[in-house]
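Letters A, B, ... mirror the listed sequences (proteins, then strands); counts begin at 1. Atoms considered below: every heavy atom in the structure, side chains included; atoms not considered: hydrogens, waters and symmetry mates.
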Number of protein chains: 2
Amino acid sequence: MLVKHGVISALTRSTSYSLPSSSSSSSVLRRQQFLVRTLCASRTHLPNLIRAMSSTSEADAESVLRTVTPSLDPKRHKGQAGKIAVIGGCREYTGAPYFAAISALKIGADLSHVFCTKDAAPVIKSYSPELIVHPVLEESYTISQLSEEEKRKVQDKVIGEVDKWMERFDCLVIGPGLGRDPFLLECVSKIMLVAKKFNVPFVVDGDGLFLVTNSIDLVKSYPLAVLTPNVNEYKRLVQKVLNCEVDEENAEDQLRSLAKQIGGVTILRKGKTDLISNGEIVKSVSIYGSPRRCGGQGDILSGSVAVFLSWAQQLKSGQVSPSENPSILGCIAASGLLRKAASLAFTKHKRSTLTGDIIECLGESLEDICPAS
Amino acid sequence: MLVKHGVISALTRSTSYSLPSSSSSSSVLRRQQFLVRTLCASRTHLPNLIRAMSSTSEADAESVLRTVTPSLDPKRHKGQAGKIAVIGGCREYTGAPYFAAISALKIGADLSHVFCTKDAAPVIKSYSPELIVHPVLEESYTISQLSEEEKRKVQDKVIGEVDKWMERFDCLVIGPGLGRDPFLLECVSKIMLVAKKFNVPFVVDGDGLFLVTNSIDLVKSYPLAVLTPNVNEYKRLVQKVLNCEVDEENAEDQLRSLAKQIGGVTILRKGKTDLISNGEIVKSVSIYGSPRRCGGQGDILSGSVAVFLSWAQQLKSGQVSPSENPSILGCIAASGLLRKAASLAFTKHKRSTLTGDIIECLGESLEDICPAS
């Protein structure tokens with residue numbers, strides 16, 4: 001499965017699989033290589049890719065997990081297994097960004113940051129000392145007395161606080177617990193521009209999708225963007241972008257059209273079966289998970305996609321075809337792992353299974369598929 | 001191993017190993033004795049010491065742990081097994097000081113304090129009721145409206161809040177989660193002066209190393225200072241002090257030169273193999289730990305060095321040679337224990353091992369090496 005969409009490119013083969021060093025310049029270089037590889041993978045139309053596009057196929061999620069997850073090498077140092085940042089968390093919502101950020105660590109990332117509002121920060125910090133939580137975002141109510149000029153200064157300061165960290169991150173998760181405050185969302189729009197400037201991939205979920213659906217240009221034609229809509233978020237995206245209703249009869253084709261219409265972003269449409277497309281291929285993951293639908297599972301997924309997508313960039317030459325799109329691989333791996341962990345948690349906790357219980361099963365589930373040693 | 005660098009000194013032998021009483025004056029006396037012993041150990045050049053200096057040798061960390069760790073005596077009272085203070089924790093970082101302070105307790109210290117900013121205190125307190133958290137540090141943004149004179153008064157107040165506690169502490173850990181706010185770092189510089197006035201040893205890590213690298217006089221020729229740089233922090237120290245790049249081919253010699261150049265401070269250079277030097281001898285610890293590089297492990301180490309260094313001061317006569325430098329012993333013990341605990345945690349949690357999991361294994365790992373009873 002992993003090689004059947006292969007597009008062999010000397011450019012990508014020769015440059016893309018060196019392990020990153022710790023320096024920022026290497027991070028930038030790595031992301032540039034990733035961008036080239038992603039563009040090549042999604043825009044080249046060799047025969048085998050065209051054949052693969054002709055039908056949806058169930059992904060072998062366990063195989064993808066085994067391929068994408070790096071072996072643990074004692075020679076590597078802090079940060080090399082992934083540095084993730086979640087943009088989310090406001091006065092109202094604090095659980096969602098925590099779930100996304102802690103999931104990233106539990107899967108194996110080295111560092112997990114959260115950029116949230118000042119009100120949300122102490123709460124998110126108190127959930128776990130393992131996260132690095134930056135109290136930098138602002139909501140309208142904290143700046144309502146300011147002049148327009150002063151508001152612009154506040155916005156510049158917010159962007160600056162995120163900007164100075166940006167090139168260190170391997171992937172962002174934008175949206176968990178973000179809320180819908182206009183001033184905050186405007187700042188987040190600018191943060192997306194900064195991420196694109198540095199070629200940092202980002203996963204958009206929750207209120208981030210509300211923002212993106214209303215301003216589709218924020219992600220249009222950025223191949224390192226991954227959208228992870230649920231039923232309702234998907235419905236709004238389809239209405240807005242394709243100007244029609246969701247067509248369950250032709251779900252795969254519609255998803256592919258949607259992703260293509262947004263310029264080749266990757267979309268993971270969550271549902272009983274998860275469907276994944278970048279406008280070229282469509283993959284499905286339908287391993288049985290759990291019948292519990294407690295809130296927060298989408299946050300686990302978004303944090304997981306960020307980690308696996310980052311790892312997919314770092315794959316060593318020879319392990320997979322360079323053309324295998326890291327965003328697609330990241331989505332397949334995250335979907336498969338979440339389902340397995342949810343199933344395990346449900347076995348243990350039944351009706352009382354909560355999102356935290358599923359997070360506690362991420363490690364065991366991953367270990368079962370690809371043992372650490 | 002423990003006696004081979006022995007420098008027999010009547011002065012140190014006759015005075016240094018009495019158990020401390022609870023009074024402050026005894027604490028002061030004990031630290032003075034420690035200072036004398038440390039100076040003697042690092043500056044005397046008897047033949048056996050010179051021989052020992054000629055090559056790096058792998059430390060027998062388990063043997064050091066057994067020697068340094070005190071037996072638990074029901075007659076001893078609160079505080080005698082160690083009173084540690086962490087100077088760190090700001091609006092942005094709260095996990096790091098918590099990890100350092102709780103690690104000290106988990107190893108066996110009696111009291112663990114944290115001196116942090118007002119914003120950080122409630123969060124750090126919420127992680128654990130076991131810590132004593134003082135909300136006394138100030139960052140620039142809280143004093144930006146004050147005049148220069150008022151700022152100086154704030155600074156004096158901050159120093160005073162730490163000063164009044166200082167002589168009770170056996171060791172400080174300066175830097176975990178300190179941040180880089182200029183006003184805060186200026187206060188911490190003054191806190192270092194107070195610690196030196198009372199001959200209180202201190203371990204410098206994280207942002208404390210940023211401060212020290214830019215103001216090397218803060219630690220220069222203070223033999224009770226221990227620096228614990230990681231790869232990047234070490235690189236900056238070498239560049240600043242030795243005015244050259246890191247030389248991996250001659251890592252031991254370069255480390256010894258660096259420690260000597262800073263006037264005989266002890267440096268624990270963290271890496272795949274930890275290297276420890278005080279400018280005279282070089283020791284290595286390379287017991288296998290864990291391949292996980294999640295953030296926060298350095299904080300465990302700094303808190304652990306503080307405890308073992310304190311215990312090394314309290315050793316009874318006859319157990320070890322008086323010349324065995326307590327700072328070196330503390331570093332060897334801490335490095336060995338962290339590696340053992342990380343290994344144990346990894347066995348249990350594999351890829352999902354987090355710093356908190358390693359801390360939970362500190363007690364079991366130490367018990368395995370030197371049972372409490």
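- Applying a 4.5 Å heavy-atom cutoff, the residues of residues 360-372 of chain A that approach chain B are Gly363(A), Leu366(A), Glu367(A), Cys370(A), Pro371(A), Ala372(A).
- Residues from residues 125-133 of chain B that place a non-hydrogen atom less than 4.5 Å from a non-hydrogen atom of chain A comprise Ser126(B), Tyr127(B), given in numerical order.
- A donor-acceptor pair under 3.5 Å is formed between the side chain of Arg293(B) and the backbone N or O of Arg76(A).
- Under the side chain to side chain contact (heavy atoms under 4.5 Å, CB included) criterion, Ser290(B) pairs with Arg292(B), Ala342(B), Phe346(B), sequence neighbours left out.
- Heavy-atom neighbours of chain B within the stretch residues 94-109 of chain A, taken at a separation under 4.5 angstrom, comprise Ile102(A), Leu105(A), Lys106(A), Ile107(A), Gly108(A), Ala109(A).
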